Enquirer: 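Let me give you the structure first, and then I'll get to my questions.
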Number of protein chains: 2
Amino acid sequence: MADRLDIIFAALADPTRRRILAMLLEDDMAVTDVAEPFEMSLAAVSKHLGLLSRAGLISQEKRGRVKWCKLEPDALRDASVWMQGFGQFEPVNLDAFERFLDTELPSQKDP
Amino acid sequence: MADRLDIIFAALADPTRRRILAMLLEDDMAVTDVAEPFEMSLAAVSKHLGLLSRAGLISQEKRGRVKWCKLEPDALRDASVWMQGFGQFEPVNLDAFERFLDTELPSQKDP
DNA sequence: CTGATCGTCAACCAATCGGTTGAATATGCC
DNA sequence: GGCATATTCAACCGATTGGTTGACGATCAG
């Protein structure tokens with residue numbers, strides 16, 4: 001039986017999924033719109049979203065025929081607490097986070 | 001080409017490896033001693049340590065015939081920064097971390 | 001009703017993972 | 001030298017992962 005942390009960290013261990021989370025940080029999105037910038041099938045992105053949902057990192061709500069995806073940042077709290085215990089990192093540094101998004105987001109190459 | 005965060009989060013997604021990190025939080029250890037509490041072969045633990053080392057989460061230094069494993073908490077900084085950006089979690093909470101260790105460490109059943 | 005759009009499901013595939021065992025390589029001890 | 005200790009390597013195994021494709025069920029528009 002996989003621990004909750006297992007599932008959360010495994011969900012974060014994929015660049016596609018981290019990129020999806022970063023996208024959802026800006027706004028809720030429909031599945032199709034989430035999938036649009038990725039060079040993979042809709043089904044593949046749908047699987048990623050399912051995994052993120054099972055990890056509790058996002059929630060999905062179907063309205064009409066479109067399914068909206070919403071970031072659930074609280075799910076990261078457990079994992080964050082676990083990690084911070086090791087480093088006693090300085091308090092939240094949003095600038096560093098912005099730099100990370102900059103380096104992570106363009107990871108999808110144009111062909 | 002796996003991103004650095006890929007490797008770090010993947011390394012954290014396994015309870016054995018998280019438990020190893022928690023053990024090393026207390027002190028540096030030899031490979032054999034790390035392996036002792038686990039119900040798996042030494043080779044398996046050695047593989048886990050290799051993975052943690054490749055992720056930069058630990059360093060290994062051979063002195064004589066014993067290889068010492070040392071926690072490298074700085075490697076968690078990148079991942080922690082990434083995560084904190086999502087939740088704006090409150091500053092480091094060591095008490096919560098201690099509770100986590102309590103719930104995680106006894107996850108290995110006695111036979 | 002018809003047709004297009006939204007999303008998932010099912011089956012498949014290659015690659016990776018977590019584990020095993022047995023042999024191999026250092027190194028230390030006497 | 002010779003044996004024990006510490007650790008890794010190599011080959012193997014079953015399960016999981018990340019992706020594909022094609023069919024399918026809902027829902028909306030005309």
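All figures in this text were calculated on a predicted structure; none of them were measured in a lab. Below, chains carry the letters A, B, ... as their sequence lines are ordered, and counting in each starts from 1.
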Enquirer: Does dT8(C) have OP1 or OP2 sitting under 4.0 Å from an N or O in the side chain of K67(A)?
Expert: yes
Enquirer: Expressed in angstrom and rounded to an integer, what is the separation of R54(B) atom CZ from dG18(C) atom C1'?
Expert: 13 Å
Enquirer: Between dC9(D), dA6(D), dG7(C), which nucleotide has the shortest distance from any of its atoms to the side chain of A43(B)?
Expert: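 Among the listed nucleotides, the one closest to the side chain of A43(B) is dC9(D).
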Enquirer: Tell me the interatomic distance from L12(A), atom CG, to dG18(D), atom P, rounded to whole angstroms.
Expert: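 About 12 Å, once rounded to whole Å.
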Enquirer: Categorize A10(B) for me: base, sugar-phosphate, or nothing, with a 4.0 angstrom heavy-atom threshold over every strand shown.
Expert: nothing
Enquirer: Would T32(B) and V66(B) count as a side-chain contact (heavy atoms from CB on, under 4.5 Å) here? Give the steps.
Expert: CA-CA 8 Å; T32(B) 306; V66(B) 7; over 6 Å; no
Enquirer: Nearest whole Å is fine: how far is dG18(C) C1' from R18(B) CZ?
Expert: 15 Å
Enquirer: Taking 4.0 Å as the cut-off, does a side-chain nitrogen or oxygen of R65(A) come that near to OP1 or OP2 on dG25(D)?
Expert: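 Checking dG25(D) against R65(A), no side-chain N or O comes under 4.0 Å of OP1 or OP2.
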Enquirer: Regarding dG19(D), can its base be found pairing with the side chain of K47(A) as donor and acceptor, where the two atoms are less than 3.5 Å apart?
Expert: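 Check passes, donor-acceptor contact within cut-off.
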Enquirer: Give the nucleotide from the list dA6(D), dC6(C), dG19(D) with an atom nearest to the side chain of V66(A).
Expert: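 The answer is dC6(C).
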Enquirer: L49(A) CG to dC6(C) P: how many Å, rounded?
Expert: 15 Å
Enquirer: Here's a test of your reading of the structure: between K62(B) and A44(A), which maps to the more 5' nucleotide of DNA chain D?
Expert: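 Result: K62(B).
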Enquirer: By nearest nucleotide on DNA chain D, pick out whichever of L42(B) and L51(A) is the more 5' one.
Expert: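 Result: L42(B).
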Enquirer: Nearest whole Å is fine: how far is dT5(D) C1' from E36(B) CD?
Expert: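 Computing the E36(B):CD to dT5(D):C1' distance gives 16 Å.
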Enquirer: From the options L21(A), I7(A), L12(A), select the one residue that forms a side chain to side chain contact (heavy atoms under 4.5 Å, CB included) with L52(A).
Expert: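 Answer to the side chain to side chain contact (heavy atoms under 4.5 Å, CB included) test with L52(A) among L21(A), I7(A), L12(A): L21(A).
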Enquirer: Could you tell me the separation between the CD atom of E61(A) and the P atom of dT27(D), rounded to a whole number of Å?
Expert: 14 Å
Enquirer: dT7(D) phosphate, OP1 or OP2: any side-chain N/O from S46(B) under 4.0 angstrom?
Expert: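 Result: no.
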Enquirer: Base, sugar-phosphate, or nothing for A30(B), non-hydrogen atoms under 4.0 angstrom?
Expert: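 Contact class for A30(B): sugar-phosphate only.
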Enquirer: Students often get this wrong, so: under 4.0 angstrom with heavy atoms, is R63(A) touching a base, only sugar-phosphate, or nothing?
Expert: nothing
Enquirer: Side-chain N or O of H48(B) less than 4.0 angstrom from OP1 or OP2 on dC17(C)?
Expert: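 Indeed not, no polar side-chain atom of H48(B) lies that close.
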Enquirer: Which is it for L49(B) and K67(B) under the side-chain contact (heavy atoms from CB on, under 4.5 Å) test, yes or no, and what are the steps along the way?
Expert: CA-CA 11 Å; L49(B) 288 170; K67(B) 201 172 194 173; over 6 Å; no
Enquirer: Does any N or O in the side chain of R17(A) come within less than 3.5 Å of the main-chain N or O of A10(A), such that one atom is a donor and the other an acceptor?
Expert: yes
Enquirer: Rounded to the nearest Å, what distance is computed from the CG atom of residue D6(A) to the C1' atom of nucleotide dT16(D)?
Expert: 13 Å
Enquirer: In this structure, how many angstroms lie between the P atom of dT17(D) and the CZ atom of F9(A), rounded?
Expert: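 One finds 17 Å between P of dT17(D) and CZ of F9(A), rounded.
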Enquirer: Check the pair R19(B) / F38(B) against side-chain contact (heavy atoms from CB on, under 4.5 Å), numbers first and verdict last.
Expert: CA-CA 10 Å; R19(B) 194 175 160 204; F38(B) 293 97; 3.5 Å; yes
